Amino acid sequence: MKAVKSCILTAVLAGVAVFANDASPVRKVITLLQDLKAKIEEDEGLDTKAYEAYMCWCDKVDEAKTASIAKAKTTIADLAASIKSLTFDKEKYEQELEQNEKDTKDTQDEKDEEQQTFDTAETSYFQQEAEMNEVLGSITKARGLLGAKDLLGLLQEDDSPVLLAFKDVIKALPVTAQLPQKSLELLSQATSSTSWQAPSMADSMIGILDSLKQTYGEEDAKMLKDYKEVKAKHVEDQRIFQEQLDQLAKDKATLSSNLAKTKQDLADDKTMKAATERQLKEDEDFLANTTKSKSKRQEDFTARQSERQKELDGVNTALGTLTDEKARELAARSIKTVAFLQVSSHSDGQLAVKTLQEQAAKIKSVRLATLAKEVKRALPDGFKDTGGGIMGSMDTMINELKAEQQSDEDKKVHCVSEYQAIDKEVNKLTFLVQKNEATISTLNDKIDSKTEQSNAASFEIGENEKEIAKITEIRADEKAVYDKEKKDDESAIELLKLTHSQLAKFYEGSLVQLKQDPKEMLKGEDLSQENKDLARQEQGYTLSDKNSNKGAADMILALIDRIVSNLEDEVSTATKEENDNIADFDAQKKSLEDDNADLREKRVDLASMMANHRKDINDEEDKKTTSNGGIDDKNKYKGSIQDECDFIISKYNERFDKRQAEIAGINTAKDFLYHSGVFGEPKAESFFQTASRRFLGIKRH
């Protein structure tokens with residue numbers, strides 16, 4: 001209530017100077033109170049409008065930021081779930097790659113172990129085959145000698161080939177040979193010439209040798225069959241192992257690609273999550289500050305409304321008191337003349353000038369100083385002619401000050417809004433640039449990785465081509481050796497067969513003696529002694545039998561047959577080996593060529609992927625350039641408004657206070673001038689004017 005009374009007293013005392021006409025002083029007080037009430041209500045309307053505009057802005061901010069915060073939280077939750085999923089996928093791919101490497105090593109070890117096992121088995125087979133060939137060769141040789149017609153003659157010779165042949169048979173037989181005891185004893189006896197005196201010895205040996213040849217021939221055939229089966233299984237096992245290794249390599253490439261993409265997606269999501277969390281914190285802080293400011297404005301507005309209502313209640317009470325019927329009668333009886341309230345109009349005009357001058361000096365206002373000069377110039381010439389213009393200038397200046405203040409308010413709101421929009425857009429574009437750079441870096445890493453893979457593939461292609469050239473050269477050398485040896489063997493076979501034919505032809509058929517054998521003649525009992533003597537003499541002239549050397553010839557023919565057989569076996573074996581070598585060469589060459597085809601296809605794929613990566617880099621560079629251009633545009637725009645906006649924002653309160661002080665000074669001077677009364681010589685100062693001047697602290701001159 002004290003504040004209300006003070007306000008009323010100020011209003012009354014500020015306008016105690018009244019016009020010197022017929023107007024009642026009470027009427028003037030009522031007019032002043034009514035003006036004060038209108039001013040309070042005007043201020044209330046302006047404050048309400050500003051408050052409602054601010055509340056509307058707060059509601060919009062609350063709506064926008066609440067939606068932004070909710071969206072950010074949803075995005076963060078989605079990114080967190082994505083990061084968790086991608087982290088799981090990353091760990092899974094890493095584990096699968098680790099398992100892939102282990103499986104690859106295990107498979108390669110198994111493949112190498114199987115190859116080593118086969119190599120050992122193959123070496124053992126070739127060794128056993130050589131031993132078997134030696135056994136069969138010695139048996140065939142011995143069997144051929146047993147077919148000689150002069151077998152007994154051969155047995156009588158020193159170093160008999162028959163005895164030596166059987167020694168070779170016994171020597172060639174494996175230690176593990178399972179033979180009947182009797183057969184072993186006969187074989188041992190066959191190495192001694194005395195054993196051959198038995199008539200059945202030759203037949204026994206033929207039976208044993210034929211049996212051995214059949215047994216070891218079947219065993220040799222079984223060994224060859226087993227070897228072929230083992231080799232076929234080896235080839236199939238190696239093929240399966242290689243297929244497994246190829247599949248593991250493809251799986252590794254797929255896993256590596258998936259892992260790289262997962263890592264990139266994980267890094268992008270983490271970056272996006274961090275940026276979203278920063279934006280969320282910024283939005284939450286901004287919303288909290290806005291809410292806090294809104295609450296403070298509400299409290300201030302409510303308090304101001306309460307004070308203003310009290311103020312209006314006081315003014316209304318005062319008006320009710322002065323407009324009461326009894327108050328009007330009392331005023332009519334007690335206040336007879338206007339002169340009682342009049343003071344010099346010049347004093348009030350000077351007070352108005354002084355008020356303007358002091359306020360101008362205090363706040364350094366050129367406008368108030370200029371206005372003070374205009375009021376001062378108007379005073380000596382009579383206020384009636386110029387007063388209306390001065391009062392109009394004051395109203396115009398007040399309106400200009402209010403318009404300037406509203407302009408500053410609008411500019412401040414605009415600048416703050418623009419700064420926030422610029423910062424938000426720049427932060428967004430900066431994040432996009434950082435994301436572009438991260439993507440470009442990742443793509444460059446991928447290009448480097450694929451370049452290394454392409455170079456490795458090129459190197460491997462070169463190595464494979466070298467290997468193809470090497471095995472082709474080796475194959476050519478092997479074929480040349482095979483062709484030469486085959487030709488030599490076939491030539492030897494042809495020569496030996498011709499020799500065999502020529503030698504065998506000579507001993508074909510039975511032979512006729514030119515005359516009776518002298519030995520037979522000596523046995524005859526009808527020969528006389530003389531004839532016997534003659535027969536003995538004739539013995540020295542008897543021709544040798546054509547078949548006397550047939551045993552040796554048979555042995556030679558058998559040896560030729562064995563040699564031819566061995567040569568034919570060698571040609572057959574060599575041809576088989578050559579065919580196997582050709583198959584192995586073709587398979588190895590095809591494997592290398594297929595490998596190179598896969599590697600070339602891989603290089604094409606890598607080149608295509610690198611081309612796509614470079615295109616993606618160009619796209620990212622374009623996006624980065626666009627974003628940087630957007631940042632530059634925003635910074636340029638900010639630079640174009642920064643001086644004005646920084647000035648408005650930093651000087652806003654100072655300019656607001658100054659304008660309020662200017663408006664207060666003009667209103668005070670206006671009140672003095674408005675209520676100055678008649679212009680002319682100053683009159684006696686009323687009690688109310690003196691009290692007003694003393695209350696305001698203004699000295700009278």
Side-chain angles (χ1 to χ4, degrees), residues 64-101 251-289 419-453 606 609-635:
K65 292 301 179 183
T66 299
S68 177
I69 288 170
K71 182 179 179 182
K73 288 181 177 179
T74 301
T75 301
I76 289 171
D78 291 343
L79 288 171
S82 177
I83 288 170
K84 182 178 180 181
S85 176
L86 289 171
T87 301
F88 175 80
D89 290 343
K90 172 178 167 291
E91 292 174 353
K92 183 186 73 171
Y93 288 139
E94 288 174 341
Q95 291 173 359
E96 289 178 354
L97 273 173
E98 183 179 352
Q99 185 62 43
N100 178 277
E101 291 178 359
D251 292 345
K252 181 179 180 181
T254 301
L255 288 171
S256 298
S257 176
N258 291 341
L259 178 60
K261 183 178 183 302
T262 301
K263 285 183 176 179
Q264 180 59 46
D265 292 343
L266 182 60
D268 290 345
D269 282 359
K270 286 182 177 179
T271 302
M272 180 67 78
K273 182 173 179 288
T276 307
E277 287 172 343
R278 287 196 300 271
Q279 186 63 47
L280 173 63
K281 179 67 168 57
E282 182 180 330
D283 288 347
E284 288 177 337
D285 291 345
F286 189 88
L287 180 59
N289 291 333
Y419 274 3
Q420 289 176 348
I422 290 171
D423 290 343
K424 184 175 181 179
E425 184 65 18
V426 167
N427 288 338
K428 175 184 175 182
L429 292 172
T430 300
F431 168 73
L432 291 176
V433 168
Q434 292 173 347
K435 186 176 179 181
N436 293 144
E437 291 174 345
T439 302
I440 289 170
S441 176
T442 299
L443 289 170
N444 281 324
D445 291 342
K446 288 182 178 179
I447 289 174
D448 292 341
S449 174
K450 288 178 175 58
T451 299
E452 290 179 1
Q453 294 179 43
L606 289 170
M609 287 188 283
M610 286 190 286
N612 290 334
H613 290 336
R614 292 188 181 95
K615 180 179 179 299
D616 292 341
I617 288 175
N618 290 334
D619 292 342
E620 292 296 326
E621 289 288 358
D622 291 341
K623 292 178 184 177
K624 179 182 173 184
T625 300
T626 301
S627 296
N628 281 328
I631 293 172
D632 292 340
D633 291 342
K634 290 297 178 182
N635 287 333

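Keep in mind it's a predicted model, so treat the numbers as computed, not measured.
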Considering only heavy atoms from C-beta outward, does the side chain of [X] approach that of [Y] to under 4.5 Å?
X      : Y      : result
Ile447 : Ile617 : yes
Lys623 : Leu432 : no
Ser85  : Asp89  : yes
Leu606 : Met609 : yes

For this session: Please report the C-alpha distance between Asp285 and Lys281 in whole Å, then the side-chain angles of each, then the deciding distance to 0.1 Å, and finally whether the salt bridge (charged side-chain N to carboxylate O under 4.0 Å, His left out) criterion is met.
Result: CA-CA 6 Å; Asp285 291 345; Lys281 179 67 168 57; 2.6 Å; yes

Check the surroundings of atom [atom1] in [X]: do more than 12 heavy atoms from other residues, nucleotides or ligands lie under 6.0 Å from it?
X      : atom1 : answer
Lys92  : NZ    : yes
Lys435 : NZ    : no
Glu621 : CD    : yes

Exercise. Quick one: do Lys261 and Asp265 make a salt bridge, cutoff under 4.0 Å?
Worked result: yes

Problem set entry | Test: Lys273 and Glu277 ion pair at under 4.0 Å | yes

Identify the two heavy atoms, one from [X] and one from [Y], that lie closest to each other, and give their separation to 0.1 Å.
X      : Y      : value
Leu287 : Thr66  : CD2-OG1, 4.1 Å
Leu429 : Ser627 : CD1-O, 3.8 Å
Thr451 : Met610 : OG1-SD, 3.3 Å

First locate atom [atom1] of [X], then atom [atom2] of [Y], and finally report the distance between them rounded to the nearest 0.5 Å.
X      : Y      : atom1 : atom2 : result
Ile631 : Thr626 : CD1   : OG1   : 11.0 Å
Asp622 : Glu620 : CG    : CD    : 9.5 Å
Asn628 : Thr430 : CG    : OG1   : 8.0 Å
Asp445 : Lys450 : CG    : NZ    : 10.5 Å
Lys615 : Leu443 : NZ    : CG    : 11.5 Å
Glu437 : Ile440 : CD    : CD1   : 7.0 Å

For this session: Evaluate the salt bridge (charged side-chain N to carboxylate O under 4.0 Å, His left out) criterion for residues Lys90 and Glu94: first the C-alpha distance (whole Å), next the side-chain angles of each, then the deciding distance (0.1 Å), finally the verdict.
Result: CA-CA 6 Å; Lys90 172 178 167 291; Glu94 288 174 341; 3.1 Å; yes

For this session: Output, in order, the C-alpha distance, side-chain angles, deciding distance and verdict of side chain to side chain donor-acceptor pair (under 3.5 Å) for Gln453 and Ser449.
Result: CA-CA 6 Å; Gln453 294 179 43; Ser449 174; 3.3 Å; yes

Exercise. Hey, are Asn100 and Glu96 close enough side-chain-wise for a donor-acceptor pair under 3.5 Å?
Worked result: no

Exercise. Taking atom types as modelled and ignoring hydrogens, do the side chains of Ser68 and Asp283 form a donor-acceptor contact shorter than 3.5 angstrom?
Worked result: yes

For this session: List the steps, then state whether side chain to side chain contact (heavy atoms under 4.5 Å, CB included) holds for Asp619 with Asp616.
Result: CA-CA 5 Å; Asp619 292 342; Asp616 292 341; 4.3 Å; yes

For this session: Report yes or no: does Ser257 contribute a side-chain atom to a donor-acceptor pair with the main-chain N or O of Ala253 at less than 3.5 Å?
Result: no

For this session: Starting from the C-alpha separation in whole Å, work towards a yes-or-no answer on side chain to side chain contact (heavy atoms under 4.5 Å, CB included) for Gln279 and Lys71.
Result: CA-CA 11 Å; Gln279 186 63 47; Lys71 182 179 179 182; over 6 Å; no

